[in-house]
Amino acid sequence: MDCLSSTDKCQKIMELARRRGFFWQSYEIYGGESGFIDYGPLGALLKRKIEQKWIDEFVRKEGLMLIDTPIITPSIVFEASGHTTYFTDPVTTCKKCGRKWRADHLLEEKTGESFEGLTLEELYKKMLENNVRCPECGGELESPKFFNELFKTTIGPYSENVGYGRPETAQGIFSNFKRLYELARGKLPFGVAQAGRCVRNEISPRQGPIRLRELTIMEIEFFFDPENPKCEKIFEVKNEKLRLLPEKLLLDGVTEPIEVTVEEALKNGYIKSEWNAYFMVKAKKFVEMLGIPSEKQFFKEKLPNERAHYSTQTYDQLVELSRWGTVELSGHAWRSNYDLKMHMVYSGEDLRVFVPYNKPQKVRRLLVEPNKKALTKDFGEEALRVSRLLTLTQPEFIRKSLDENGFYELKGDGKTYRITFEHVNLKEVEVEEKGKRIIPNVAEPSFGLDRLFYATLEYAYSEKDGRVVLKLPRELAPIEVAVFPLMTKDGLPEKAKKVYCMLLDHGFMVEYDESGSIGRRYARMDEVGTPIAVTIDHQTLQDNTVTLRDRDTWEQIRVKVEKLPLTLEKYFREKVDFKDLAKLC
RNA sequence: GCGGCCGUGGUCUAGACUGGACUAGGACGGGGGCCCUCCAAGCCCCUAACCCGGGUUCAAAUCCCGGCGGCCGCACCA
């Protein structure tokens with residue numbers, strides 16, 4: 001099976017996906033639209049099962065809250081989150097044929113280096129240096145411009161009411177923080193999960209199911225106190241091994257991941273947040289449950305210029321795929337308090353959390369009081385936001401900068417405001433505090449469901465005796481059990497249908513098939529990953545036993561019909577090995 | 001720096017260079033039947049396609065242009 005060449009394998013999977021109804025390109029009858037795929041009957045089931053597995057592992061077992069918020073989002077939300085400013089990619093246009101391309105991707109193809117995070121000028125300079133041309137017609141390229149990848153729309157009949165399709169589900173969580181914090185009964189830490197459709201107007205998606213314009217993201221925002229960032233469950237995973245490629249080593253030119261325990265990774269500062277480390281272990285195990293062995297995965301830290309605008313540290317979980325090389329399946333960002341802070345600035349809501357002291361403390365505090373008049377004079381409509389932003393900034397920083405430079409550069413939603421002495425009154429006061437108000441920090445594990453789906457298929461794909469066997473993990477199989485009468489006579493179909501109905505009643509996903517030869521029916525089920533086939537033969541009519549046939553070994557055992565639901569229950573829910581099932585019967 | 005290739009039933013493809021007998025062939029799949037069977041057996045019947053639009057021509061799957069979609073190589077870099 002490993003002798004398959006990489007394109008071969010991918011082609012075979014894509015073909016299987018179309019032929020058996022896992023997925024295909026959308027809008028085929030109109031020539032297709034790149035960046036969109038349809039999930040077919042089996043694909044839709046498999047996708048849901050992967051999502052369900054994720055909910056089971058993260059929401060149920062980790063005690064997170066699952067929510068579901070809209071795709072369409074009013075523009076102010078993404079102004080606050082910074083996406084209207086930062087969710088952009090450099091696009092360059094061919095002077096000859098007019099085609100548009102991701103400038104950094106063209107450079108990357110050309111040089112093999114990564115060019116994320118360069119300025120437009122730097123990019124253009126590099127493009128000229130490397131003589132990057134239009135891949136389609138060889139024409140000269142214009143200097144790149146930033147293209148915002150948010151899908152824009154209007155809400156209702158008023159064209160000025162702009163909305164965007166969300167590029168991540170996270171903002172639906174952040175904008176609900178207050179209510180969710182209430183539902184968490186006012187205690188940190190707590191986590192919120194969401195799985196849903198997102199849209200990103202990619203400039204030129206060319207990697208099939210890997211780079212989509214409409215995708216499903218499953219993400220968690222885990223809120224914790226930055227002054228008490230300990231993960232209380234870290235001891236459970238401290239000896240777990242992670243394959244890591246941290247920034248420190250990347251900068252030294254290391255290209256192979258190292259294997260370290262979680263404890264070491266934290267001690268060496270490879271991973272800065274315990275909560276992120278904890279979820280990285282969970283992510284490794286989750287991906288393993290999809291059939292992708294841990295030695296095929298590793299986590300690579302994003303360099304500062306590659307990171308998203310909100311991130312303090314990000315690791316990508318990568319996996320090796322046959323055609324597309326190493327591909328990100330999940331990202332693990334430490335989002336600091338960026339999002340909540342910006343939503344405070346834009347909404348005016350207090351999204352801080354009150355953490356009481358054991359007893360009240362008298363403290364001297366430096367206070368920064370915004371001077372409304374001066375702010376309005378200099379910042380007009382933005383004055384209110386500037387003033388909110390000011391009160392959320394460490395007063396000491398402001399004073400230090402004012403003292404040293406005469407001004408302070410207040411950074412917010414992609415803009416920088418120059419604050420001078422006249423904008424603020426600095427006061428030192430003695431106050432009695434009963435507790436502190438903090439903006440929680442956020443650990444964000446974020447998974448791309450479509451990529452997980454593809455990777456699952458690829459790692460399940462195998463061939464045996466010239467036919468395809470899809471070795472999906474049993475709990476992911478879209479069809480769990482197939483029921484076949486050995487022949488279509490002597491009452492075998494009737495008996496088989498009874499067994500089929502009984503299994504349906506017990507909640508299994510079952511398929512009945514009586515067409516063609518028995519071997520052909522087994523083969524069909526192997527190809528779509530059905531783990532168990534139940535066959536009704538002449539012996540069934542005598543002693544009420546059926547055969548169970550294992551997808552991976554093609555071995556068979558006989559089981560009493562009455563014991564069938566229980567046996568399958570053991571197999572699917574309790575993960576009893578096929579060969580041990582016989583002993584139970 | 002440069003170039004190239006491809007799009008035909010559900011899937012894989014023949015046909016294209018050299019336009020006409022193509023009513024578009026095959027294999028696999030799928031449906032029905034025979035057979036009555038534990039790993040894609042065999043036989044019969046059926047099913048279903050030239051990516052879209054325009055042009056050239058008496059005639060276009062075939063040539064030209066445009067669109068949509070898919071893909072690759074050399075060189076360079078490491």
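Protein chains get the first letters and strands the later ones, always in sequence-line order, with residue 1 at the start of each. Remember, predicted model here, so these are calculated numbers, not experimental data.
Taking the C1' atoms as reference points, B/A14 lies 10 Å from B/U8, given to the whole Å. Taking atom P on both nucleotides, B/C34 is separated from B/G26 by 26 Å, rounded to a whole Å. A distance of about 41 Å separates the P atoms of B/G33 and B/C71, rounded to the whole Å. Between B/U62 and B/A75, the two C1' atoms lie 34 Å apart (nearest whole Å). For the C1' atoms, the distance linking B/A48 with B/G25 amounts to 14 Å, nearest Å. The gap from the P atom of B/C50 to that of B/U11 amounts to 13 Å, rounded to the nearest Å. Remark: the separation of the C1' atoms in B/G55 and B/G19 is 15 Å, to the nearest Å. A distance of about 9 Å separates the P atoms of B/A61 and B/U23, rounded to the whole Å.
One can place CZ of A/Arg18 at 20 Å from P of B/C28, the figure rounded to the nearest angstrom. B/C51 atom C1' lies 11 Å from atom CD of A/Gln25, rounded to whole Å. B/C72 atom P lies 10 Å from atom CH2 of A/Trp324, rounded to whole Å. B/G69 atom P lies 11 Å from atom CZ of A/Phe36, rounded to whole Å. In this structure, A/Phe23 atom CZ and B/U11 atom P are separated by 14 Å, rounded to whole Å. Summarising the geometry, the separation between CG on A/Leu16 and P on B/G30 is reported as 13 Å, rounded to the nearest angstrom. Atom CH2 in A/Trp24 sits about 18 Å away from atom C1' in B/G70, given to the nearest Å. Rounded to whole Å, the distance from CE on A/Met14 to C1' on B/C6 is 15 Å.
For A/Phe22, there are no ring pair (Phe, Tyr, Trp, His ring centres under 6.0 Å) partners, not counting sequence neighbours. In this structure, the side chain to side chain contact (heavy atoms under 4.5 Å, CB included) partners of A/Leu303, at least two apart in sequence or on a different chain, are A/Glu247, A/Leu250, A/Leu251, A/Asn305, A/Glu306. For A/Tyr512, the ring pair (Phe, Tyr, Trp, His ring centres under 6.0 Å) partners two or more places apart in sequence, or in a different chain, are A/Tyr500.
When only modelled atom types and interatomic distance are considered, A/Arg524 and A/Ser515 share a side-chain donor-acceptor pair under 3.5 Å. Under the 3.5 Å distance criterion, with hydrogens and angles disregarded, no donor-acceptor pair is assigned to the side chains of A/Lys272 and A/Thr312. Using modelled atom types and a 3.5 Å distance limit, the side chains of A/Thr488 and A/Glu514 yield no donor-acceptor pair.
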Generate the contact string for nucleotides 36-41 of chain B. Rules: B means base contact, S means sugar-phosphate contact only, - means no protein heavy atom under 4.0 Å.
BBBBBS
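As the counterpart of B/U37, no nucleotide is assigned, since no Watson-Crick or G-U wobble pattern has both distances under 3.5 Å. Under the Watson-Crick or G-U wobble criterion, with both distances below 3.5 Å, B/A78 is left unpaired in every strand shown. Nucleotide B/G66 forms a Watson-Crick or G-U wobble pair with B/C52, both donor-acceptor distances falling under 3.5 Å. Judged by Watson-Crick or G-U wobble contacts below 3.5 Å, the nucleotide B/U57 has no partner. Nucleotide B/U11 is matched to B/A27 when pairs are restricted to Watson-Crick or G-U wobble geometry with both distances under 3.5 angstrom.
Within the structure, side chain to side chain donor-acceptor pair (under 3.5 Å) pairs that include any residue of residues 465-474 of chain A comprise A/Arg467-A/Asp526 (at least two apart or interchain).
Using the six-membered ring where Trp is involved, A/Tyr86 and A/His309 have ring planes that are parallel, under 30° apart on the 30 and 60° scheme.
Residues A/Glu444 and A/Ala170 approach most closely at OE2-CB, 3.7 Å, considering heavy atoms. Heavy atoms only, all atoms of each residue included: A/Glu219 and A/Ser446 are closest at OE1-OG, 3.0 Å. Between A/Glu480 and A/Thr530 the shortest heavy-atom distance is O-CG2, 3.6 Å.
Of the candidate nucleotides B/G69, B/G31, B/U11, B/U11 has the atom nearest to the side chain of A/Glu15.
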Tabulate protein N/O versus nucleotide N/O from nucleotides 43-46 of chain B, keeping only pairs under 3.5 Å, one per line.
none

